[in-house]
Amino acid sequence: MANIKELSDLPERLCGGHRLCAGCGASICVRQVLMGAGDSDVVVSSATGCLEVSTTVYPYSAWNGSFIHNAFANSAATMSGVVAAYNGLKRAGKIPEDKEIKFCAFGGDGGTYDIGFQSLSGAMERGTNMVYVCYDNGAYMNTGIQRSGGTPKYAWTTTAEVGKVLQGKLQRRKDLASIMADHHIPYAAQASVGDWRDLVSKAEKAFNADGPAFLLVFAPCPRGWRIPASQTIEISKLAIQSRFWPLFEVENGKWSMKEIADDKVIPVADFLKPQGRFKHLFKPGNEALLEELQRDVDEYYDYVKGRCSIFK
């Protein structure tokens, strides 16, 4: 379990001075995940997106270590090549056999759920020894808040408008964590910046896995979600408490989750209401949509719990 005193002594791999928005969930995610690597050397790659463009404004960089920028769709493919080069240099005797380096690829939900999924799936299927992290902010935020496969049902985006015809995105969020777990990789998990201890502990497991690992991290975007910058962590906690975002992990095929007791659960409406992207759901006449979302949340939580119960 992550120890805050020990973590405070680790070097900062994403330094201050970047230009991400105040309250950005991506930067919080990166700092917490990289704590899980301990004091190991880490090579980081990032798909084009908010994280990349705001941390590497030429000629400056907020990365305290090796960092590679790649295209929107190929963060996993780029890191696969880096890992292959590392292994090749070791075989050639140009890197000492006892020199261990960790490899971590980041991507937003657009670059992971959607246009980066092919290279991610390929890297996981091939068994590339790397950690892939999706900081999930629920839309293509860097290019104008367009809907993605990670956008929740009935959320407003600039390509899933709210009006007389539509009430936001019509489809449910893709269950990416389960999809990655079903690649039969050593480790996959769903986590949140709203529970730092759980996230750092899962990152430690991911970096120590014998093979590919995947982390899907709930990372709010104040700009796209229409919330105050100061509410990032609070919203993240509400997502967990409402069971909208179950915290679970799959270690070598064994599922387990951090359960929320029935007497501690809040209605999903309490998580949705503070967010401007869901404000239309609270207008008269949309009560049925809220009820539908509550059913979806309950169904997904029961699905995850059911997969975990197989191993109890």
Side-chain angles (χ1 to χ4, degrees), residues 14 18-33 49-51 53-55 106-113 133-163 166-169 171-173 176 190-196 198-199 216-247 260 265-283 286 289-290 292-294 296-297 300:
L14 180 63
H18 58 70
R19 301 179 190 185
L20 289 160
C21 297
C24 175
S27 58
I28 301 171
C29 166
V30 169
R31 294 182 68 202
Q32 292 182 2
V33 166
C50 289
L51 178 63
V53 300
S54 297
T55 59
F106 287 95
D109 51 288
T112 306
Y113 281 78
V133 182
C134 175
Y135 60 93
D136 189 345
N137 53 32
Y140 289 80
M141 299 304 182
N142 180 54
T143 54
I145 319 176
Q146 298 92 349
R147 59 90 80 198
S148 77
T151 304
K153 184 192 286 187
Y154 297 136
W156 164 89
T157 72
T158 55
T159 53
E161 287 283 4
V162 173
L166 298 177
Q167 292 294 307
K169 183 189 173 189
Q171 299 80 18
R172 291 176 68 166
R173 176 182 70 87
L176 187 58
Q190 185 162 286
S192 170
V193 299
D195 188 334
W196 69 267
D198 177 77
L199 174 52
L216 181 63
V217 183
F218 188 83
C221 170
R223 174 83 176 97
W225 293 18
R226 302 301 197 250
I227 61 173
S230 61
Q231 298 301 305
T232 296
I233 300 302
E234 181 176 341
I235 290 292
S236 299
K237 290 180 177 179
L238 293 176
I240 298 169
Q241 193 176 356
S242 66
R243 292 178 171 171
F244 175 86
W245 194 264
L247 303 179
I260 305 297
V265 178
I266 61 173
V268 72
D270 291 357
F271 159 67
L272 302 174
K273 195 167 187 178
Q275 304 175 55
R277 62 177 179 159
F278 291 113
K279 67 179 181 180
H280 54 286
L281 296 178
F282 296 89
K283 293 181 179 179
N286 281 342
L289 301 183
L290 281 173
E292 181 183 343
L293 288 176
Q294 184 65 66
D296 288 351
V297 166
Y300 180 61

Residues which pass side-chain hydrogen bond (donor to acceptor under 3.5 Å, both in side chains) with N286, listed by chain and number, not counting sequence neighbours: Q167
Which heavy atom of [X] sits nearest to which heavy atom of [Y], and what is that distance?
X	Y	value
Y135	A26	CD1-CB, 3.5 Å
P152	R277	CD-NH1, 3.6 Å
Y113	R173	OH-NH1, 3.1 Å
V193	G25	CG1-O, 3.8 Å
S27	L20	CB-CD1, 3.6 Å
Q241	I260	O-CG2, 4.0 Å

Sidechain-backbone polar pair: [X] side chain, [Y] backbone, donor-acceptor under 3.5 Å:
X	Y	answer
K169	S148	yes
D136	D109	no
Q294	V268	yes
H280	Y154	yes
S242	A239	yes

Working to the nearest 0.5 angstrom, can you tell me the gap between [X] [atom1] and [Y] [atom2]?
X	Y	atom1	atom2	value
I266	R243	CD1	CZ	11.0 Å
Q275	L281	CD	CG	10.0 Å
D198	L247	CG	CG	5.0 Å
L199	R31	CG	CZ	12.5 Å

Chi angles and distances behind the side-chain contact (heavy atoms from CB on, under 4.5 Å) call for L293, K153: CA-CA 8 Å; L293 288 176; K153 184 192 286 187; 3.9 Å; yes
Aromatic ring pairing F244/F218, orientation class (parallel under 30°, perpendicular over 60°, tilted between): perpendicular
Cationic tip of R172 above Y300 ring, under 6.0 Å, 45° of axis: no
For residues 220-227, which side-chain donor-acceptor pairs fall under 3.5 Å, sequence neighbours excluded?
residue	atom	partner	partner atom	Å
W225	NE1	N137	O	2.7
R226	NH1	R223	O	2.4

Note, W196 side chain near I28 side chain (heavy atom, < 4.5 Å): no
Heavy-atom side-chain contact between W245 and D195 under 4.5 Å: no
Residue that, paired with Q146, satisfies side chain to side chain contact (heavy atoms under 4.5 Å, CB included) out of T151, T159, T157: T159
Pairs of donor and acceptor atoms involving the side chains of residues 229-238, under 3.5 Å and at least two apart or interchain, shall be tabulated with distances.
residue	atom	partner	partner atom	Å
T232	OG1	G23	O	2.5
S236	OG	T232	O	2.8

